[in-house]
Every structure is written in structure tokens, then in C-alpha cells.
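Structure first, commentary second.
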Amino acid sequence: MPPQTRRMAFPNVVIERDTDSEESSSSSDEEQDVEEEDNNDDLEAEEEEEVENGDTVEEVKVEVSAAKKREKAPITISLKKVCKVCKRTGHEAGFKGATYIDCPMKPCFLCKTPGHTTMTCPHRIATEYGVIPAPRRHTHNSLDYVFERQLRPNIPAIKPAFVIPDQVNCAVIRYHSRRVTCLEFHPTRNNILLSGDKKGQLGVWDYCKVHEKIVYGNIHGCILNNMKFKPTNDGTVYAASSDGTISCTDLETGISSSLMNLNPNGWQGPSSWRMLYGLDVNSEKGVVLVADNFGYLYLMDIRSNSKVGETILIHKKGSKVVGLHCNPVQPDLLLSCGNDHFARIWDMRRLESGSSLCSLAHRRVVNSAYFSPRSGSKILTTSQDNRLRVWDSIFGNLGSPSREIVHSHDFNRHLTPFRAEWDPKDPSESLVVIGRYISENYNGAALHPIDFIDISTGKLVAEVMDPNITTISPVNKLHPRDDVLATGSSRSIFIWNPKEKSEIVQQKDEKKIVLCGKAEKKLNKKFDGESDDSDDDIRKIKGKITQSRKAEPKSSRCSLKGKR
DNA sequence: AACCGATGATACC
DNA sequence: TGGTATCCCTCGGT
């Protein structure tokens, strides 16, 4: 039966929109509605669905009058504004301009505690509030003291001033065709940045010669999860991918060989397809370590490209091992983390299932776990429970973290998981960078800053943002020697310098923003005839980008006492 | 401007 | 233990 015929026979429908004045007692109405809907016949139910499809923001309620049994009786439909999160009336969640209003019925989006929203969250207002102080327990044994004495001289007592790269110096907009998943600075060539993406492509970019950028597309079939340079040849990089292979790529030629393929028989269904996530290189032992989505660790010999030892279950069977990190000082120590909510410390000399030296419990998935870059004696983890965890000494009591720092870095399946990264230049091993999930209203623009946190206190040292970065920046890396921050935000890559330095660079050749692929074509089309938009005419293009934005803060900012 | 879709962790059965 | 509904400040496309 065609719908028109049905509608013809249907009683008159009166649509009633509620005004801004909200009815406070809607619960009794709702109950009534439900009862009545239950009594409705099929036709009425279908009609309701049709109207709902036409407007998803406003919930449709069908109120049938007492005389509804007669087919031609009038029906009143009221379109009441409901919260898109909890579907209740009386409030609305979502953006009001550039400010996001949380649903009050849900736990706080930042700290996950019920009873308040992000707006009133104590962790947002006082940035140190979420820090749980380190319990001062003394459970060292004599061996610990020996180790600690060896390591302690590396850590100066006085913290130097932090240098924050807070100005975008250059960028490639839409560098990748899918979102960026990882970044890696070249270990010796200062201006070379490597980037991996969700498609499995590998970018090589000389950000001082902004236009010298390459994307190698034939290395992996899907997500490039982690990469690391070969210690004996810094023109070569290893990468672990969800296609189940480890690649070894020459950066000059892009020629890649496969060290390992966990899916030699191709796709046999999701229950058997193995993906590689965690990857690190242990140069002392000459092995590449990788871990898969079923909880297993694999070791490959660098020289022979052959597998070393047995495959070892290091996390809960069937769970993803997302991170591996070798201790920079003690080559025998390995740190792993994964979806079983644990980070684990292992002794490389005795790698067996269940033989971890320590299991660090988390409340949610652990996105990353890193030893500190200089002494290797601290541990920093990023967990999906919106908390950074710090263990001040691996030789101390590891039963509970020294500090938990509440920070917005929620999991979202459409985003690369956030990972807090150490500043390798900070001798005090306390400066850490991590992107922020929740936005802040900056002069009418909702921007997601990148946070610098002092993990020894939990303080937010700086939040940096740029009006050209409107997307969340989950991937960040600090340069091993220079005061440079690299950011992967969606498909774009940004290079930041400290303000003073940026200005010197920019005086010479202005801020360089390069557009790639469709972004470039689109912009050229939009402003066709105005100029030829050659690659060198970056300033004009940049101007056009900012012109085409609705709301725009005046310049990129770095505030020292922002909210988190 | 309003959809659409991709597709990860998790709670619950 | 496995299948599925739900989560719901994404992003880029049409």
C-alpha cells in the first residue's frame, strides 16, 4: 500500500512545538505517552517513526486523544526539545557557540565522577586537584639502593625553566590521506620528521625545506601503529602495522622489506587476523620487539632478520598489546601495556608468560607506557580513564602510582589514541606533552589545545593552540635536541617553535603552511582568478584560510595558567 | 547545513 | 565465552 493512501485515511495530526520555557514536570507526561503508545496500532507506530526520521534532534511524542479508537480522531504531536545524550527534556547537551554544555545526567566527561559536569569539575578549575600524592613508603632492598645510586646523579635537584614550543612555524595541511597515527623525529638529521597514518602510509618531511615531503604508500595495507629507527643505520626505519607485518624501509628510496608477516594465508576472518601494535628496538640485544592484538610478544633478530625464541603471551590472551618500550639505561628491562588494563615490566633475560617483574594496574585500557628518557627510572602511562599515571622510581614501591593526573584524553574510535610523551631534553624528567580532547572556547572558536604538564606536580605548565588547528591533536612528539614540537592532528602535521625563535624564522620566510591534495585544489578553485596560488605563495593561501573561517582568535596563544 | 559513515571499548546478556 | 547495543565535545565528505 502506498504511503499516501495510508495517510489519507489517517486522522488529522497537530504538531505542537514547545517554546523555550521548559516544563519541569515532564515525567508523568512521559509515562502517559508510553502507555498510550503501547496501545497504538501498527499504523500509528509507523507514522511516528516517519516523523522522527525527519527530525532527529527533537524527540517526537504522539499524544492521542481519548477518542483515538475512532480512526479519524485528531492526534496531537508535540516536538519537545530533548537532550541528545540522555534523551530527557529540561536541558540540552552540545555546543552553545564554541562552548560545550555537558548533559548533567551523565558523569563528568573529564574526571568521570558523577554529580557535576565538566564546567564545574574541580579538575578543570584547579589543575592540581586531581593529583594523588605519592605515598612515602620505604620498601627498598639493598640492590635497589645500588641501582638508585647509579641512576640518581643523572637527575639534577633543581628543575630548569621549561621551554615551550608554542607557535606554529610550519605545517602541511592534509599531508596524509587518513589520520596521523604516529610521529618520529630522525635520530641524527634534525629537520626530518616521519609520520605514519591509518592507511599504512609513511611520510618523510624535511620541515626546514617545507616542500620537501614524501609519502610512501606501498609499505603497509592498514594502520601504521608504531615505528622506530634502526640503531645501526639511521636511514632505515622499522614499522609495525595492523596488516600484521613489520616493515623495514629505506627512507631515501622508500624501498621496503618485510621482516615478519603474521597473516601469510591472508584474510581468514577477524578471529584469526593478527595485527601488530607495539614496537621497539633493543639495540644492545640487537632485536626488534613487536606485540600483537592477541596478547603476544615476538622478537626478531636485526642482523639475521629471523625470529628469536618463542612467541610469548605477555598480556591477557586475546587482548591488544598497544605499547612496548625498552628501558634506555637498563637494556634488560622492557615495559609493555595493553587493553587488559595493565602495564607490565619484564626482564628480557627471563621472558616467559606470567613472569613479569611487575604489573601496573589501571582502570581502563593503557594507551602508552614509557620509561623516562634519561634515567629510565620513572614510568609514565596514559590510560583511557582520563588519567596520566606516574611512578617516580621503578626501584621503589610500584604497588600504586606516585601520582594520578586527571587530564582530558578520552578514547574515541575515530581518533588516534592519545599518548603522553616525555620531553627528552628535560634533565629533570618532568615535562610531558599530551593533546587535549575537550575543547575550550577561545574568542569564539572551540579549540583543542596541546597540554604541557609537569608530572612531578601535576601542574599544567602550558596549553598551546593555533586557530588553524581546529581538530583534536592526539599525536605529539618533542624533538630529541631542538625546542621543537611536532603535532599530528587529523591528516595534518604541524611544527611548533618557542615564540621568540618562531619570529626569527618567520621574519626570514614567514610561517609556512603547505596544502596538500584536495585541500589545495579546493582552495585554488574557491579563489580562482585571484592569483595562481603557486606553492611559493604561501602567505596568500594562509590568508585565505583564515579569511574563510567563521570565528577566529587573533593569534596562537600560550597561556600559563589555563584550565584543563 | 544537515546528514552519513567509519568502526573501538565496554557492559550486559 | 561470544554476540550485540551503546557510547555520543570526530572528521571529512556529500
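Naming convention: chains lettered A, B, ... in sequence-line order (proteins, then strands); numbering from 1 in each chain.
Using a 4.0 Å heavy-atom cutoff across all strands shown, A/Arg179 reaches no nucleic acid atom at all. Residue contacts shown for A/Lys320 are limited to sugar-phosphate atoms, with no base heavy atom under 4.0 Å away. Among the protein residues, A/Lys317 comes within range of no part of the nucleic acid, since none of its heavy atoms lies under 4.0 Å from any strand. Within 4.0 Å of A/Phe109, counting heavy atoms only, lies at least one base atom of the nucleic acid.
Nucleotide C/dC11 holds its C1' atom 15 Å from the CG atom of A/Asp197, rounded to whole Å. C/dC8 atom P lies 13 Å from atom NE2 of A/His414, rounded to whole Å. In this structure, A/His362 atom NE2 and B/dA9 atom P are separated by 16 Å, rounded to whole Å. The CG atom of A/Asp385 sits 13 Å away from the C1' atom of B/dA9 (whole-angstrom rounding). With rounding to whole Å, A/Phe411 atom CZ is found 5 Å from B/dA9 atom P.
Residue pairs meeting the salt bridge (charged side-chain N to carboxylate O under 4.0 Å, His left out) criterion with at least one member in residues 101-123 of chain A, sequence neighbours excluded: A/Lys112-A/Asp410.
Considering only residues two or more places apart in sequence or on other chains, A/His325 meets the ring pair (Phe, Tyr, Trp, His ring centres under 6.0 Å) condition with A/Tyr370, A/Phe371. Scanning for ring pair (Phe, Tyr, Trp, His ring centres under 6.0 Å) contacts around A/Phe294 gives an empty result, with sequence neighbours left out. Applying the ring pair (Phe, Tyr, Trp, His ring centres under 6.0 Å) criterion to A/Tyr437, with sequence neighbours excluded, gives A/Phe109. Residues satisfying the ring pair (Phe, Tyr, Trp, His ring centres under 6.0 Å) criterion with A/Trp391, sequence neighbours excluded, are A/His362.
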For this session: Would you give a per-nucleotide map of nucleotides 2-7 of chain C, 5' to 3', where B means the base has a protein non-hydrogen atom under 4.0 Å away, S means only the sugar-phosphate does, and - means neither?
Result: -----B
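A donor N or O paired with an acceptor N or O is not found under 3.5 Å between the base of C/dC11 and the side-chain atoms of A/Ser490.
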